[in-house]
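Before any comments, here is the structure.
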Number of protein chains: 2
Amino acid sequence: MSDLHASPPVSGERTYGIGELAAEFGLTLRTIRHYEDEGLLVPARDGQARVYTHRDRARLALICRGKRLGFSLAEVKEFLNLYDVDDAQAEQMRYLQKAARQRIAALERQLQDVQQTLAELRAIDAEIDDHLNRRSRHEATSREDSNR
Amino acid sequence: MSDLHASPPVSGERTYGIGELAAEFGLTLRTIRHYEDEGLLVPARDGQARVYTHRDRARLALICRGKRLGFSLAEVKEFLNLYDVDDAQAEQMRYLQKAARQRIAALERQLQDVQQTLAELRAIDAEIDDHLNRRSRHEATSREDSNR
DNA sequence: ACCGTCAATGACGTTTACGTAAAGGTAAGA
DNA sequence: TCTTACCTTTACGTAAACGTCATTGACGGT
């Protein structure tokens with residue numbers, strides 16, 4: 001009758017259900033739960049049900065991006081800590097900064113890789129264009145300049 | 001006695017042993033053989049021993065880069081075909097071009113990801129610097145400006 | 001009261017990308 | 001000839017990242 005179970009709409013923060021996030025990020029429920037098993041997400045609970053805050057949602061977005069970049073869940077996990085710098089002691093801030101700089105270095109290398117690969121593939125694309133055009137022009141020529 | 005088994009130094013092309021390539025690329029023999037099992041490499045043979053040409057070596061470099069970019073071996077495999085455009089029929093050139101363009105699109109997305117992540121991490125790095133400096137300056141101040 | 005939907009374990013299965021022996025072949029050097 | 005270094009194949013093992021049931025629970029609607 002009275003909403004005995006409806007989670008408190010106390011703090012004006014909107015929350016998300018697992019299915020909602022799954023749909024939004026194109027993941028399965030299993031996958032999101034797996035991220036929790038691995039300690040990448042620690043959603044609140046409304047009874048048994050998982051309740052995700054904006055912060056959880058942001059973390060999930062970071063996880064997805066990390067995955068797109070080819071990092072393992074373990075790597076993404078360390079990665080995530082970097083975004084929680086606010087509540088860290090000066091002691092471990094230096095550690096986090098070291099970690100951040102290592103990641104930056106890794107990403108700079110990856111940036112090189114991506115750019116080089118892009119350049120090569122674009123060259124290949126152009127080369128194919130070239131080949132195809134020559135061939136078609138050649139065909140046209142050998143057909144005694146039938147067109148034009 | 002006479003080099004009955006020494007591979008023909010016929011064509012002036014230098015060749016590589018599997019251990020050589022493993023050392024150069026920081027891979028294990030097992031890994032390189034695995035790439036062969038998966039059809040990513042098809043080295044020549046001198047008896048039983050694998051003999052790698054410059055071309056094989058170049059392919060291996062591409063494989064490594066693909067892996068660094070987070071692609072699966074299956075993806076890298078298709079990827080490799082793009083570099084063999086020379087000996088392709090116009091028929092499948094169009095197919096290869098399509099594949100190339102898909103990869104280009106994927107890499108452009110990845111480029112965005114990398115750049116955004118880099119920007120964020122650099123911001124975090126700076127933010128930590130900031131926090132640490134404020135704190136140290138605060139400490140200094142509270143110590144009645146002990147230094148300087 | 002019954003249904004359908006969404007979610008929660010729990011547990012075994014699968015794919016990818018190799019690791020790790022085990023058992024042996026070949027050729028150069030002491 | 002024996003050792004050492006480098007290579008071979010065969011085959012089982014494994015860690016990561018989920019997929020895929022099977023079973024159960026809580027709600028909302030009719």
Side-chain angles (χ1 to χ4, degrees), chain A residues 1-9 15-53 56-57 59-60 62-80, chain B residues 1-9 15-52 56 59-60 62-80:
Chain A
M1 307 230 159
S2 59
D3 44 342
L4 203 59
H5 261 282
S7 54
T15 60
Y16 306 83
I18 189 170
E20 218 166 341
L21 290 186
E24 180 176 351
F25 291 98
L27 303 172
T28 68
L29 306 187
R30 177 67 177 88
T31 297
I32 294 181
R33 291 188 195 115
H34 180 60
Y35 294 161
E36 184 175 344
D37 288 343
E38 299 297 318
L40 300 185
L41 288 172
V42 192
R45 297 283 183 138
D46 173 13
Q48 276 204 314
R50 281 167 245 262
V51 177
Y52 298 86
T53 68
D56 293 320
R57 187 170 156 283
R59 286 176 76 90
L60 187 51
L62 287 174
I63 294 169
C64 291
R65 199 171 66 194
K67 292 245 69 192
R68 285 200 303 273
L69 295 180
F71 293 107
S72 73
L73 292 185
E75 288 172 311
V76 170
K77 187 175 179 181
E78 297 185 21
F79 188 86
L80 282 174
Chain B
M1 304 237 160
S2 60
D3 45 344
L4 203 59
H5 260 282
S7 54
T15 61
Y16 306 84
I18 189 171
E20 218 167 343
L21 289 185
E24 181 176 350
F25 290 98
L27 305 171
T28 67
L29 305 188
R30 177 68 176 87
T31 298
I32 294 182
R33 292 190 194 115
H34 180 61
Y35 293 160
E36 184 175 343
D37 288 342
E38 299 298 317
L40 300 185
L41 289 173
V42 191
R45 297 286 182 137
D46 174 12
Q48 275 203 314
R50 292 165 172 81
V51 177
Y52 298 86
D56 294 319
R59 286 176 76 91
L60 187 51
L62 287 174
I63 294 170
C64 291
R65 200 171 65 193
K67 293 245 66 194
R68 284 199 304 274
L69 294 180
F71 293 107
S72 72
L73 292 185
E75 287 172 311
V76 170
K77 187 175 178 179
E78 297 185 20
F79 186 86
L80 281 174

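In what follows, chains are A, B, ... by sequence order, proteins preceding strands, each numbered from 1. Since we're looking at a predicted model, the values are computed, not measured.
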Nearest whole Å is fine: how far is C/dA8 P from A/Gln48 CD? 8 Å

Residues in salt bridge (Lys or Arg N to Asp or Glu O under 4.0 Å) contact with B/Glu38, at least two apart in sequence or another chain: none

Closest listed nucleotide, where the reference is the side chain of A/Arg50 and the choices are C/dC18, C/dT9, D/dT8: C/dT9

Is there a side-chain contact between B/Thr28 and B/His34, using heavy atoms and a 4.5 Å cut-off? no

Answer whether the closest heavy-atom distance between the side chains of B/Ser72 and B/Glu75 falls below 4.5 Å. yes

Does a side-chain heavy-atom distance below 4.5 Å link B/Leu60 with B/Leu41? yes

Does B/Leu40 reach the side chain of B/Arg59, with side-chain heavy atoms less than 4.5 Å apart? no

Atom OH of A/Tyr16 to atom C1' of C/dA7: distance rounded to whole Å? 19 Å

Got a salt bridge between A/Glu36 and A/Arg30, using NZ or NE/NH1/NH2 to carboxylate O under 4.0 Å? no

Within this structure, what is the CG-to-P distance between A/Leu73 and D/dA15, rounded to whole angstrom? 16 Å

For B/Leu40 and C/dT16, give me the distance from atom CG to atom C1', rounded to whole Å. 13 Å

For atom CG of B/Asp46 and atom C1' of C/dG25, their distance in whole Å: 13 Å

Please list, by residue number, the residues of residues 24-39 of chain A whose heavy atoms come closer than 4.0 Å to an atom of DNA chain D; answer none if no residue qualifies. A/Thr28, A/Arg30, A/Thr31, A/His34, A/Tyr35

In this structure, how many angstroms lie between the P atom of C/dA7 and the CD1 atom of A/Ile18, rounded? 7 Å

